[in-house]
Amino acid sequence: MSGPNTNYDPVEVSALDPENIAAAVEQAHAAIAAAATLDDLKSVRIAHQGEKSPLALANREIGALPPSAKAEAGKRVGQARGMVGAALAARQAELEAERDERILVEERVDVTLPVVRRPFGARHPIELVSQRLVDAFVGMGWEVAEGPELESEWLNFDALNLGPDHPARQMQDTFFLDPVDSGLVLRTHTSPVQIRTMLRQEPPIYIVAPGKVYRTDDLDATHTPVFHQIECLAVDKGLTMAHLRGAIDAFVKIMFGEGTRTRVRASYFPFTEPSMETDFVCFACHGTGSDDAGAQCRSCGGSGWIELGGSGMVNRKVLRACGIDPDVYSGFAFGLGIERALMLRHGVRGMHEMVEGDVRFSRQFGMEV
Ligand code: FA5
């Protein structure tokens with residue numbers, strides 16, 4: 001910027017010369033018109049409106065003018081800058097509109113294309129039912145216990161008073177692991193979790209143990225080689241058969257609601273004494289024992305009842321083997337088949353549907369979280 005000069009004539013200062021200002025405006029207009037993209041226009045804006053542009057330099061010269069000349073020079077430069085600014089804004093709007101139109105064409109979505117549908121999965125009803133039961137018992141203050149599916153023969157049989165000659169230990173019932181003298185089996189029931197818990201924990205004990213178990217049974221309407229059980233064990237002072245019946249009643253009510261027809265009958269398990277079995281009325285023949293054609297019902301073998309699970313008072317020998325004094329404490333236990341419970345609860349007519357893994361079967365039971 002030139003120094004203050006009282007004789008300063010704006011027309012003699014080249015930056016403020018009207019012709020030079022008009023030329024600067026003309027050059028700016030030409031550059032603005034030639035800008036083909038928003039990036040080009042950005043460079044043009046810097047060159048013709050930025051701090052080092054001819055019009056910005058001219059503006060700075062105004063400060064050095066005598067007061068009498070400032071107004072006229074200011075008006076000239078201001079108008080010129082206004083014209084350039086307006087031309088820039090107009091071109092900016094044009095180029096933005098062109099860009100938006102191009103994006104609309106290039107990024108168009110074809111709404112008529114077929115959608116790739118991702119099928120929804122579903123939790124298996126076995127899982128839902130186990131969870132519901134466990135939740136109910138946890139709600140009554142019981143704890144959840146777990147054990148491995150690959151179990152020691154000792155915990156699966158011996159500790160439960162199932163001696164070496166017990167029929168359940170036969171090859172046709174149990175999956176033994178190679179080599180046979182490894183002492184390992186795929187657990188045939190959830191009852192070894194009872195032993196694991198009693199060895200680990202002092203009474204009072206109230207546990208619920210759901211899990212997968214294995215037997216060499218053929219797949220038919222009421223059997224599958226891999227199935228699920230839920231085991232309950234209570235050990236405390238003063239527990240009796242009445243408490244056991246009460247716990248089973250609570251279980252049946254939670255599971256099937258009021259009015260479900262079940263029965264208990266005397267039974268035998270080496271690890272409970274006395275023992276009993278709970279049955280439910282056959283889902284196929286509704287207790288008549290025969291099918292619509294009058295033939296023997298294939299689901300229940302004609303008895304009208306299907307076994308749900310076993311139960312009993314924990315055998316004193318088992319308590320003692322786990323270091324619990326049977327003269328001070330008593331216990332009860334029961335173990336039920338979840339697949340059978342599901343048959344009764346939802347009228348599932350056979351094991352096959354449950355093990356085939358077709359998601360349409362699971363979806364019928366809805367989404368419970
Ligand atoms: C037992 O497994 C005992 N551990 C139950 C028990 C626990 C008794 C605690 C006393 C105290 P059982 O072999 O009866 O008992 O089997 C229990 C239930 O598992 C049966 O009532 C039946 O509901 C179910 N179950 C048995 N075998 C199969 C199978 N192959 N497929 C589906 N469910 C089965």
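Each ligand, and each atom within it, is numbered from 1 in the order the structure gives. We're numbering straight along the sequence, starting at 1. Worth saying up front: this structure is predicted, and the values here are computed from it rather than measured.
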Does a sphere of radius 6.0 Å around [atom1] in [X] hold more than 12 heavy atoms from other residues, nucleotides or ligands, not counting ones at 6.0 Å or beyond?
| X | atom1 | answer |
| --- | --- | --- |
| Asp218 | CG | no |
| Asp100 | CG | yes |
| Arg200 | CZ | yes |

I'd like to check which ligand 1 atoms, numbered from 1 as shown, lie under 4.0 Å from a non-hydrogen atom of [X].
| X | value |
| --- | --- |
| Gly337 | 18 (C), 19 (O), 23 (O), 24 (C) |
| Gln194 | 9 (C) |
| Met351 | 32 (C) |
| Ser311 | 8 (C), 10 (C), 11 (C) |

Identify which of Arg215, Glu277, Glu307 has a heavy atom lying nearest to atom 2 (O) of ligand 1.
Arg215
Is the His189 ring parallel, tilted or perpendicular to the Phe157 ring (thresholds 30°, 60°)?
tilted
Measure up the Phe361 and Phe365 rings against each other and bin them: parallel (under 30°), tilted (30 to 60°), perpendicular (over 60°).
perpendicular
Is the shortest N/O to N/O distance between [X] and ligand 1 below 3.5 Å?
| X | result |
| --- | --- |
| Ala333 | no |
| His223 | no |
| Gln229 | yes |
| Thr272 | no |
| Thr224 | yes |
| Leu308 | yes |
| Glu231 | no |

For a quick check under 3.5 Å, do [X] and [Y] share a side-chain donor-acceptor pair by atom type?
| X | Y | value |
| --- | --- | --- |
| Tyr214 | Glu149 | yes |
| Thr112 | Asp110 | yes |
| Asn156 | Thr188 | yes |

Is a side-chain N or O of [X] found less than 3.5 angstrom from the main chain of [Y], in a donor-acceptor match?
| X | Y | answer |
| --- | --- | --- |
| Asp40 | Ala36 | yes |
| Arg187 | Lys212 | yes |
| Thr190 | Gln229 | no |

Could you identify the single nearest non-hydrogen protein atom to [atom] and state the distance to 0.1 Å?
| atom | result |
| --- | --- |
| atom 5 (C) of ligand 1 | Gly335 O, 3.9 Å |
| atom 15 (O) of ligand 1 | Phe269 CE2, 3.4 Å |
| atom 28 (C) of ligand 1 | Phe227 CZ, 3.3 Å |
| atom 6 (C) of ligand 1 | Gly310 O, 3.6 Å |
| atom 30 (N) of ligand 1 | Asp217 OD2, 2.7 Å |

Once you restrict to heavy atoms under 4.0 Å, what part of [X] touches ligand 1? Side chain, backbone, both or neither.
| X | value |
| --- | --- |
| Thr190 | neither |
| Ser191 | side chain |
| Phe334 | backbone |
| Arg340 | side chain |

Salt bridge (Lys or Arg N to Asp or Glu O under 4.0 Å) with Glu72: of Lys70, Lys75, Arg76, only one passes, and it is Arg76
At the 4.0 Å heavy-atom cut-off, does Thr222 count as touching ligand 1?
yes
If we only consider heavy atoms of His228, is any one of them less than 4.0 Å away from an atom in ligand 1?
no
Joint hydrophobic cluster, Leu128 plus Val208, side-chain heavy atoms closer than 4.5 Å
yes
Does the pair Arg340 and Thr222 meet the rule for a side-chain contact (heavy atoms from CB on, under 4.5 Å), with working shown?
CA-CA 7 Å; Arg340 300 270 177 94; Thr222 53; 3.8 Å; yes
